[in-house]
Amino acid sequence: MLKIYNTLTRSKQEFTPKQPGKVGMYVCGMTVYDYCHIGHARVMVVFDTVARYLRHAGYQLTYVRNITDIDDKIIQRANENGEAFTALTERFIQAMHEDERALSVLPPDIEPKATQSITDIVKMISTLIERDFAYVGSNGDVFYAVNRFDGYGKLSGKNIEDLQAGERVNVDTAKRDPLDFVLWKMAKPGEPYWDSPWGQGRPGWHIECSAMSTCCLGNHFDIHGGGMDLQFPHHENEIAQSEGATGEPFVNYWMHNGFVRVNEEKMSKSLGNFFTVREVLKQYPRPDVIRFFILSSHYRSPLNYSSEQLDEAVSALTRLYTALKDIDVVDEVIDVEYLRRFERAMDDDFNTPVALAILFDVAKELNKARERNDAGKEASLATVLKKLGGLLGILQENPGDWLKSPRRVSLDHVVDSVAISDSVSVKIIEKGGDDWVQERIQERLEAKKSKDWALADLIRDELNKLGIVIKDRPDGTTDWHR
RNA sequence: GGCUGCGUAGCAGAAUGGUUAUGCAGCGGCCUGCAAAGCCGUAUAUACCGGUUCGAUUCCGGUCGCAGCCUCCA
């Protein structure tokens with residue numbers, strides 16, 4: 001039985017979809033004016049993993065993740081660049097999709113864009129005005145009247161009085177109440193705009209998610225996710241808008257992922273302490289590495305970013321891929337025991353650290369089977385391991401290739417480029433090309449044959465220095481990996 | 001200031017009212033020409049102070065420390 005921690009109730013609850021067997025999930029996606037950073041990667045990977053698991057659990061899932069392609073920051077950035085805002089957003093949407101692919105993130109089923117949902121947004125605002133939840137302010141902007149909505153604050157655990165007490169000084173006089181937020185913003189000269197009953201303008205940030213989610217999934221759906229920081233005000237406002245407009249409950253389960261931190265501090269645009277996905281991929285080019293790093297802590301916990309952590313992910317994955325090496329997986333999972341343990345972990349609010357620990361248990365038993373030459377057991381355990389890895393979006397590459405691929409790229413002495421994915425190309429270590437390695441290994445085998453251990457060890461040391469590890473097989477051949 | 005949440009071994013990171021998490025790093029052994037990988041064994045922990053309990057790291061209260069939201073932010 002799947003349990004999900006629901007921010008709304010601050011507790012783990014058994015998951016019961018509205019309609020048996022079907023799940024609707026909406027996740028707040030990116031505002032596309034810059035490259036995705038590791039914090040964005042966490043959202044993508046976490047909810048991709050949730051989606052994979054829900055499907056594994058037998059649900060027919062509709063996964064919606066929106067794109068915010070119009071807002072103040074986009075307009076500002078486009079102006080700075082002297083380009084059309086659409087050119088800017090198109091470029092970064094493409095970059096985002098490249099990053100996703102490089103992280104083995106499967107595309108959501110629907111990816112609505114704010115600019116393509118203006119009709120629905122306008123319709124929802126009209127309804128809110130009709131139902132007296134919204135009004136036109138003295139400057140022509142349309143605002144949501146927060147005090148009209150009784151449940152305001154139920155998600156973030158805030159109450160209106162506290163919020164009013166903590167108000168900032170610069171009060172927008174166009175609003176009736178400082179807590180009110182904008183639904184439709186009038187365009188200033190030169191700004192992009194869409195026609196509406198209230199004049200030419202653009203949607204506020206919060207309304208687009210209300211409109212897009214209810215349009216794609218219905219007025220009332222199962223899961224809504226996003227980063228912790230969206231709890232307030234974004235998701236609180238979404239509830240106010242959607243429930244105000246439809247009169248129905250909006251979302252049953254709210255899921256929020258924790259932040260990525262750098263030196264115990266939130267990674268964010270405003271602090272400027274962020275690493276973009278493509279930056280990190282240059283050093284750790286394999287999709288599995290960043291995914292493993294992200295999934296190695298629970299999605300609600302903080303995740304500290306450091307190269308040590310990514311190095312550990314590389315080591316851990318090397319162990320798993322080493323276990324999988326040279327085994328043909330069979331079609332069907334026979335070792336159901338591990339699958340059940342894995343499901344028990346994932347059923348407990350998507351406990352990926354425990355799920356990963358189970359992969360290591362499988363690897364250990366697999367290695368034992370290998371030691372006693374039990375090929376049948378090896379194959380069946382390799383099958384479970386790959387299957388479980390697949391549910392987490394890892395371990396799907398050919399183990400031999402993976403182990404030989406540069407997955408922790410030293411930035412020193414590099415020369416040649418090699419394409420890793422459509423967004424990333426990585427430089428290979430000088431003198432470290434595959435052919436060169438093969439030659440050195442051949443030389444070492446000759447030295448070994450003539451029992452010139454000193455030379456053999458010298459060659460091995462040289463290879464080690466370049467990050468290449470060699471392994472003499474019992475049959476006299478030598479294997480290697482990076 | 002108001003509201004959340006957190007504090008587990010060298011590091012990362014789970015879990016639990018009484019019994020091995022797991023990975024990396026360490027130590028001893030097997031294997032190996034020596035290694036590597038793998039296997040076997042092994043050490044190190046629950047911020048602090050009280051309370052509840054036969055027993056608390058786990059529940060409750062307090063102290064200290066950290067993070068987040070309250071303003072755009074995943």
Side-chain angles (χ1 to χ4, degrees), chain A residues 7 10 27-31 34 36-47 71-73 76 153 156-159 161-170 179 205 225-234 236 256-261 264-271 274 292-293 295-298 300-304 306 308-309 311-320 322-323 325 345 348 351-361 363-372 403 448 451-454 456-457 460-461 463-464 468-474 478-481:
Chain A
T7 309
R10 310 254 162 207
V27 172
C28 287
M30 259 51 77
T31 301
D34 209 341
C36 294
H37 63 231
I38 297 296
H40 300 117
R42 191 175 192 189
V43 180
M44 298 196 280
V45 168
V46 161
F47 286 101
D71 92 322
D72 292 359
K73 288 190 296 289
Q76 193 192 331
S156 53
K158 300 187 185 304
N159 62 62
E161 295 77 55
D162 287 347
L163 287 167
Q164 281 165 343
E167 247 157 54
R168 300 299 156 126
V169 206
N170 55 339
L179 292 181
W205 176 39
M228 289 273 199
D229 47 358
L230 298 185
Q231 258 173 56
F232 189 90
H234 185 58
E236 200 67 72
H256 292 98
N257 66 273
F259 298 123
V260 176
R261 294 189 195 169
E264 302 304 314
E265 203 173 37
K266 177 184 175 183
M267 179 184 287
S268 74
K269 287 268 157 105
S270 37
L271 289 169
F274 59 91
F292 187 99
F293 160 67
L295 297 176
S296 64
S297 86
H298 184 83
R300 284 188 282 114
S301 304
L303 175 61
N304 223 50
S306 70
E308 288 77 14
Q309 290 255 65
D311 286 346
E312 273 203 26
V314 170
S315 306
L317 284 161
T318 299
R319 178 171 163 81
L320 295 175
T322 303
K325 196 165 182 297
D348 184 16
N351 195 332
T352 55
V354 171
L356 285 170
I358 291 159
L359 301 202
F360 288 99
D361 290 345
K364 174 159 277 188
E365 200 182 326
L366 172 54
N367 288 330
K368 282 192 218 177
R370 195 196 310 263
E371 293 228 325
R372 57 172 198 271
L403 291 168
K448 280 180 66 180
K451 299 214 187 293
D452 185 351
W453 307 124
D457 292 351
R460 182 172 57 204
D461 289 347
L463 289 166
N464 284 167
I468 291 148
V469 181
I470 60 170
K471 176 178 172 184
D472 293 330
R473 291 205 186 92
T478 295
D479 195 12
W480 65 277
H481 71 80

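Order of the sequence lines fixes the chain letters, A, B, ..., with proteins taken first and strands second; residue numbering starts at 1 for each chain.
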Evaluation steps, side chain to side chain contact (heavy atoms under 4.5 Å, CB included), between Lys269(A) and Phe274(A)
CA-CA 7 Å; Lys269(A) 287 268 157 105; Phe274(A) 59 91; 4.3 Å; yes

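- On the P atoms, U19(B) is 12 Å away from A56(B), given to the nearest whole Å.
- With a cut-off of 3.5 Å on both pairing distances, the Watson-Crick or G-U wobble partner of C59(B) is G51(B).
- Residue Ser297(A) is in sugar-phosphate contact alone, with no base atom involved, counting any heavy-atom pair closer than 4.0 Å across all strands shown.
- Ring orientation note: the planes of Phe360(A) and Phe292(A) are nearly perpendicular, at an angle over 60° on the 30°/60° scale.
- Taking 3.5 Å as the limit, the base of C72(B) and the side chain of Lys269(A) contain no donor-acceptor pair of atoms between them.
- A salt bridge links Asp457(A) and Arg460(A); the closest N-O separation between the charged side-chain nitrogens and carboxylate oxygens is under 4.0 Å.
- Residue Gly29(A) is classed as a sugar-phosphate contact, given heavy-atom separations below 4.0 Å to backbone atoms only.
- Pairing partner, U44(B): none, since no Watson-Crick or wobble contact has both distances short of 3.5 Å.
- G7(B) atom P lies 12 Å from atom CD of Glu264(A), rounded to whole Å.
- Side-chain N/O atoms of Asp472(A) and base N/O atoms of C34(B) include a donor-acceptor pair closer than 3.5 Å.
- At the heavy-atom level, Ser270(A) lies under 4.0 Å from base atoms of the strands shown.
- Under the 3.5 Å distance criterion, the side-chain polar atoms of Arg370(A) are matched with a main-chain donor or acceptor of Ala323(A).
- When rounded to the nearest whole Å, the span between CG of Asp457(A) and C1' of A36(B) equals 12 Å.
- Considering only heavy atoms from C-beta on, Lys158(A) stays 4.5 Å or farther from Pro233(A) through its side chain.
- Taking atom P on both nucleotides, G13(B) is separated from C72(B) by 30 Å, rounded to a whole Å.
- Closest contact between the side chain of Gln309(A) and the listed nucleotides C73(B), G13(B), A35(B) involves G13(B).
- When the C1' atom of G2(B) is taken as reference, atom CG of Leu179(A) falls 14 Å away, rounded to whole Å.
- Taking atom CG of Asn257(A) as the reference point, atom C1' of G5(B) lies 14 Å away to the nearest angstrom.
- Rounded to whole Å, the C1' atom of U16(B) lies 31 Å from the corresponding atom of C69(B).
- If you check every strand for non-hydrogen atoms under 4.0 Å, Val46(A) touches nothing.
- Rounded to a whole Å, the CG atom of Asn367(A) is 15 Å from the C1' atom of C30(B).
- When the nucleotides C70(B), G13(B), C72(B) are ranked by their closest atom to the side chain of Lys158(A), C70(B) comes out on top.
- Gln309(A) places no side-chain N or O within 3.5 Å of a backbone atom of Phe293(A) that could act as its donor or acceptor partner.
- Looking at heavy atoms from C-beta onward, Leu320(A) lies in side-chain contact with Leu359(A) at the 4.5 angstrom threshold.
- Under the Watson-Crick and G-U wobble criteria, each requiring two contacts below 3.5 Å, nucleotide C69(B) is paired to G2(B).
- Here C72(B) presents its P atom at 22 Å from CE of Met267(A), a figure rounded to the nearest Å.
- Here the nucleotide nearest the side chain of Val43(A), chosen from G2(B), A74(B), A36(B), is A74(B).
- Comparing the P positions of C59(B) and G2(B) gives an interatomic distance of 24 Å, to the nearest angstrom.
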Stepwise side chain to side chain contact (heavy atoms under 4.5 Å, CB included) check, Trp480(A) with Ile468(A):
CA-CA 7 Å; Trp480(A) 65 277; Ile468(A) 291 148; 3.8 Å; yes

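- By the 4.5 Å heavy-atom criterion applied to side chains, Asp229(A) and Lys266(A) are counted as neighbours.
- Rounded to the nearest Å, the gap between the C1' atom of C27(B) and that of U53(B) is 39 Å.
- At whole-Å resolution of the value, NZ in Lys266(A) and C1' in C73(B) are 5 Å apart.
- When heavy atoms are screened at a 4.0 angstrom cut-off, His298(A) is found touching the sugar-phosphate backbone but no base atom.
- The partner of C64(B) is G7(B), judged by Watson-Crick or G-U wobble contacts that both fall below 3.5 Å.
- The interatomic distance linking Arg261(A) (CZ) with C6(B) (P) rounds to 12 Å, in whole Å.
- Nucleic acid contact for Gly39(A): base, since at least one base atom lies under 4.0 Å from a heavy atom of the residue.
- Nucleic acid contact for Ser301(A): sugar-phosphate only, since backbone atoms but no base atoms lie under 4.0 Å from a heavy atom of the residue.
- Contact annotation for Ile470(A): base contact, defined as any heavy-atom pair under 4.0 Å involving a base atom.
- The base of G13(B) is not paired with the side chain of Asn351(A) by any donor and acceptor separated by under 3.5 Å.
- Residue contacts for Met44(A): at a heavy-atom cut-off of 4.0 Å it reaches no nucleic acid atom on any strand shown.
- Spacing between C24(B) and G1(B) at atom C1', rounded to whole Å, works out to 43 Å.
- To the nearest whole angstrom, the two C1' atoms, one in C11(B) and one in G26(B), are 12 Å apart.
- Using a cutoff of 4.0 Å between basic side-chain nitrogens and carboxylate oxygens, Lys368(A) and Glu365(A) are not scored as salt-bridged.
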Would you tabulate the pairs of protein nitrogen or oxygen atoms and nucleotide nitrogen or oxygen atoms of nucleotides 23-27 of chain B closer than 3.5 angstrom?
| residue | atom | partner | partner atom | Å |
| --- | --- | --- | --- | --- |
| G23(B) | N2 | Glu312(A) | OE1 | 2.6 |
| G23(B) | N2 | Glu312(A) | OE2 | 2.9 |

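- Taking atom C1' on both C64(B) and G29(B), the two are 45 Å apart, rounded to the nearest angstrom.
- Comparing C39(B), A36(B), A74(B) against the side chain of Lys368(A) picks out C39(B) as the nearest.
- Looking at Lys364(A) and Arg319(A), their side chains come closer than 4.5 Å, going by heavy atoms from C-beta outward.
- The residue among Ala454(A) and Lys471(A) whose nearest nucleotide of RNA chain B lies closer to the 5′ end is Ala454(A).
- The 5' end of RNA chain B is approached more closely, in terms of each residue's nearest nucleotide, by Trp453(A) than by the other of Trp453(A) and Arg42(A).
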